[in-house]
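Everything below concerns the one structure shown next.
Worth knowing before you read on, the calculation uses all heavy atoms, side chains too, and leaves out hydrogens, waters and symmetry mates. Predicted model, so just to flag it, every value in this text is computed and none were measured. Numbers restart at 1 for each chain; the letters A, B, ... are given by sequence-line order, proteins then strands.
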Amino acid sequence: MTSKVATLSEAIGLIKDGDSVALGGHTLRRHPMAAAAEIVRQRKRDLHLIGWNSGIDFDLLVGAGCARIAETSYVGISGFGLARNFRRAAEAGSIEIREHSEISALDMFRAGASGMAFIASSVLMGTDVPATNPRIATVISPFDGKPYTAVQAAHPDVAIIHAHSADRHGNVQLDALHWPDNDADVFVGWAGKTTIVTVEQLVSDEAIREHPDFTILPRDAVTCVVEAPYGAYPCCCDDRYTYDLDFVGDYYAASADPAGFARYLDEWVFGLADHDAFLQKVGVDRLLAITTKGAL
Amino acid sequence: MTATTEELMVFAASQEIRDGNTVFVGTGLPMLAAYLARATHAPDVSLLFESGIVDPNPTHLALGVGDFRLMHGATSVRGLHYVLGLLQKGSIDVGFLGAAEVDRHGNINSTIIGGTYRHPGKRLPGSGGANDIASSAKSTVIMCLHRPERLVDRVRYVTSPGFLGGNDEREQSGLRIGGPRMIITDLAVLRFHPVTRDAYISSIHPGVDPATVIARTGFPIEVPSDVARTPAPDDTTIQLLRGMDPGGVYLRGR
Amino acid sequence: MAVALAPATTEEIMSVALSRQFRAREHAFIGLGTGDRAFIYAVGIPTVAAQLAADRGVDFCLQYGTLLDPSITGIPDSLGDPDLLDWECAARLPVERCLDVFRRGLMTCSFISGAQIDKFGNLNSVRIGREGPPKVRLTGPIAQADHAVFAQRTFVIMPHERRVFVDRVDFISAPGHGDGPGWRERQGLPGGGPDKVITDKAVLGFDAVSRRMTLDSVHPGVTVDEVVAATGFELLIPAGVGETPSPSAAELAAIRGRIDPTGKLLQARIK
Amino acid sequence: MSKVGTLEELVDLVKPGMSISFGGFAHSLTPLAFVRELIRRDIRDLELIGIAEAWAADMLAGAGSLRKIVFSNFMFEGFGLCRNFSRVIETGAVEFEDYSHFALASRFSAAGLGLPFATVRSLLGSDLAGSDDGVQRVRHVDFTSPFGDERVMLLPAASPDVVVIHGHRGDEHGNVQILGATAVIEEQARAGKTVIATVEQFVDSAEIRATPNHTVVPGLLVSHIAEVPYGAHPTGMFRLYDADYDHIRQYAEASRDPAAFAAYLADVTTGDHQDYLARLGVRRLLNLRVDPHFGYHLERTESGWRA
């Protein structure tokens, strides 16, 4: 078995300009932020971003000029309000937005993950959403002659999710199976033509084998694994750490205008060599402050 | 495949462990000897470490008895007082001891080199659990280098009691059980006369010149012309051993 | 001894009005929005209304996002994701199962809101401006588009302002009654669509035939003229529009003493 | 009164001249943030009573903080001698008493049980209980059991003025939970006149009550407690972080020479514990993380994982 361990820089290097890139996570939870920052750092362009419930990840990439298309059901910074970079780009017409509802967004990943060409259901009918999104069409069921919405499978060129642990072979785990939004990331991960998983920690084969039922993506589904501790920061990461709302607030303030956001990018992305440097700048105290008091 | 000196010593030590024994183990070659015994002829051996770890099943080689690598697969992890208390109770069949200096009656010094106790030339770490093992295990196996300054007539300071001055001095001192069974060096195996408790050469390692043994012993000793050769481990055993210490941490001779 | 209670607040009036809409058995979906007023409308008022209804014997299954039947007395200080993991509940559904609850028609009612609503109850949370780049980009359809399709009844809870109540929404992100009679059926929408609109001024419904928005009642202290002035389209006003019933003393005591003692729900005192 | 304090407040409880004992064994569990703060305050004239907390002993010896050392064994497992400790004995700078592990642990145990002395067989026959110029090396009584002719040795109970331990987690009531081998911490904590705890994390008492088997030292024995993440660094905490072996190598090298060691001490005691951690850096701390299956750090290599 070959090792699937890569550096973040190597993994993100797999993305080509113009690729479709799906990002896991939702609201302020477990977005692959270290990976998003590296995409910005490598100045990828014209990406077609795909998500199901997006936030600071999309906003960062759109604000940094990496994206041409954003396809998702929501982009916002949770309690802070609208995603300002995203909003600015939308209102300037510099980005194409392909709308979804949450169900249709998940359906495109579910179809992509399970090899279905499309999934038909009653979502989005009667709305203006299908007109924005070529992935959504109306089909007439040959069984009952009624119209349904068909959502085409998503096969992103690259899918990126952030998880808790992985072994070097690429078996990826979350600490618990039954947290509500795990399955969305599973579908995102499975759907990718190339799948990059950043994890809090690379662990031994034995550690993975101790809880095989926690494995959400077997190695076949994974192109490479990258150890990126606090890789969702400033988003939360389940029982490992909570979000850093001060950091998010500072980000939100910086994103109020393009100049402020350019300064943010210089300070927090371009000015730092890699994720390690980012963490060092965030600082031990701040990381300890959000780290969950672990159970024994 | 030829065993190195360390492998020979570890093999010899492992042969002193019987199946079902409870063995008090320290860092280094004794640890390998105990693992080897368990992997071969003594699957039911119980291993105790002074750090409080009971019968672990480690995957990775530990650098010491306090190393977390020793924790893996332990049946019980207790305190130091608990496991050393088992010694005093008389529950330990074999204890292993290292020595900076050992004498003809199996007394060990691991406290000072040169000078006096109050004004040592070089101060060593001290007894630790060694005195407890030497005092209370049913038998001990001592491992050390065979050099005239290390294998001496009488140690400068008795950190861990062997047979003290010989004969029944150990028993007279109040130590009712135990005493050293053998000394395994890099040249030979020494055992003790049942009455006088004087050390004698029981075997010399393959390829070792008897004259070297005499020259490197710090007290007068005889090597009979028909002296036995220390049994060498077979290829399977050597491979087993090398697999336990792939980095050559303890089996440095490789 | 009777305790003198302060007069009902607008949010209390809205909660009580909503609570009277429920039937004997409800599986209600409440989204997990955050942020002041939006939180009060999306979470606070529906939660209080559901509790009041449960007090009256309504068999309520409440679903907050992916959480099934969480303990309302144990509502966490924040509805952020890490806190949700600690909120005691009957089940934490995978989001897929949760959305399947919609799709299979199990959800009897849901609560939605938006930046615009029109006379047929269509909602917009995507964009202001019909063509070209939006004048204002909003959050996106989220799951509201899904409830509006599948829920047997949706309740819209909105601030009553002229710029919000528009003749035609700029973008239908959650379908109401489309362009009138038969529209939902033609579209193949399985759910019943919007049933009531509860605002800070009135309770509104939809005409059974025309599917246009009608005024049911005005809240105490609000006039019909004020409602008309705050509505950007022609509202159907039946003769003899009455006043929204005031909360009873028992209902107020329940809200203030037991359901929402710290103002988390109706005053958005939540992180 | 709350038992919770800051590290600085806890260190205030240690006065010159006191006897003190630290939890820890070899490269684990040692409250070294506390020790660094003691050294930073330059609290001297201490009597250290120690079993195997080599790190505390060697640092305090090297800092000149000690008047006397009562001990059974100090060495850096895998790295050789504790050179500062050896040096202060070789130069006659401190008084000292040699014990075996069991003998000294038994002295703690006796104190913890409220007994006047411990009864041990260790030390019989050896030179540990000998004398120099008619003065006993360690206070002891050779004793014949009243139940026969068995000879034993009696050693006085040992009750340090202050015992300092470091645990995995604790609560405001002073309950301390420790994972893995706990060395002599139970005996030390029971023996101490004042017991001070630092822990990696504070948790809610309900958490403690849900896992009482992990509570090695109950709160009733602990008078003060502080939350000090990475408070054992460079020693490790089983299942949380491994010993920092690179740091240990640097330390071992520096301790060969008093001047180099003084520079080391100056470096690690500049500023407070937060400053210390900031200087170490996030990556270094992350590199100490343990594998969840084994509980210790593994290095990833081309061919697999290496301990």
What part of [X] is in contact with chain B, defined as an atom under 4.5 angstrom from a non-hydrogen atom: side chain, backbone, both or neither?
X      : result
D:F85  : side chain
D:V216 : neither
D:D142 : neither
D:L104 : neither
D:D132 : side chain
D:F96  : both
D:S106 : both
D:A52  : neither
D:I51  : side chain
D:E186 : neither
D:R239 : neither
D:A54  : neither

**Prompt:** Do the two ring centres, one from B:F68 and one from D:Y241, sit under 6.0 Å apart?
**Reply:**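 Between B:F68 and D:Y241, the centre distance exceeds or equals 6.0 Å.
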Using non-hydrogen atoms and a 4.5 Å limit, figure out which bit of [X] sits close to chain D: side chain, backbone, both or neither.
X      : answer
B:S76  : neither
B:H81  : both
B:L124 : both
B:V249 : neither
B:D67  : both

If I compare all heavy atoms of [X] with all of [Y], which pair ends up nearest, and what's the gap?
X      : Y      : result
B:G174 : D:R121 : O-CD, 3.8 Å
D:L124 : B:L175 : O-CD1, 3.5 Å
D:T182 : B:G79  : OG1-CA, 4.3 Å
B:S135 : D:L123 : OG-N, 4.1 Å
D:T119 : B:Q88  : O-NE2, 3.5 Å
D:G125 : B:V158 : O-CG1, 4.4 Å

**Asked** What is the distance from atom OG of B:S51 to atom CD of D:E77, rounded to the nearest 0.5 Å?
**Response**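 Between atom OG of B:S51 and atom CD of D:E77 there are 7.0 Å.
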**Item:** Atom pair CE (B:M71) and OG (D:S28), whose distance is rounded to the nearest 0.5 Å
**Value:**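 So the CE of B:M71 and the OG of D:S28 are separated by 7.0 Å.
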Which of the residues [options] is involved in the greatest number of heavy-atom pairs with chain D at under 4.5 angstrom?
options                       : value
B:S127, B:P161, B:G28, B:G129 : B:S127
B:R118, B:E169, B:R69         : B:R69
B:L70, B:I53, B:T159, B:T27   : B:T159
B:D132, B:L84, B:I133         : B:D132
B:G66, B:G64, B:S173, B:G128  : B:G128
B:A134, B:A74, B:G73, B:G85   : B:G85

Out of [options], return the one with the most heavy atom pairs under 4.5 angstrom to chain B.
options                        : answer
D:A243, D:G130, D:S109, D:G295 : D:S109
D:V120, D:T144, D:I185         : D:V120
D:V290, D:V184, D:D242         : D:D242
D:A26, D:S126, D:G78           : D:S126

**Request:** Report yes if some heavy atom in the side chain of B:P120 is under 4.5 Å from a heavy atom in the side chain of D:I89; otherwise report no.
**Result:**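 Side chain of B:P120 against side chain of D:I89, heavy atoms only: contact under 4.5 Å found.
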**Prompt:** Under a 4.5 Å cut-off applied to non-hydrogen side-chain atoms, are D:L81 and B:P125 in contact?
**Reply:**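 With C-beta onward as the side chain, the pair touches.
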**Request:** Test side chain to side chain contact (heavy atoms under 4.5 Å, CB included) on D:Y245 and B:L63 and set out the steps.
**Result:** CA-CA 11 Å; D:Y245 287 102; B:L63 291 179; 4.2 Å; yes
**Neighbour count above 12 (heavy atom, 6.0 Å) for B:R154 CZ** =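 Atom CZ in B:R154 is packed in, count exceeds 12.
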**Request:** Specify whether B:H60 and D:Y296 have parallel, tilted or perpendicular ring planes, treating 30° as the upper limit for parallel and 60° as the lower limit for perpendicular.
**Result:**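 If you compare the ring of B:H60 with that of D:Y296, the planes turn out perpendicular.
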**Item:** D:F102/B:L87 under side chain to side chain contact (heavy atoms under 4.5 Å, CB included): CA gap, chis, key distance, verdict
**Value:** CA-CA 9 Å; D:F102 187 67; B:L87 261 176; over 6 Å; no
**side chain to side chain contact (heavy atoms under 4.5 Å, CB included) between B:Y117 and D:D127, intermediate numbers included** = CA-CA 9 Å; B:Y117 175 66; D:D127 287 336; over 6 Å; no
**Request:** Would you confirm whether D:R151, through its side chain, and B:Q172, through its main-chain N or O, come within 3.5 Å as a donor-acceptor pair?
**Result:**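 Yes, D:R151 side chain to B:Q172 backbone: donor-acceptor pair under 3.5 Å.
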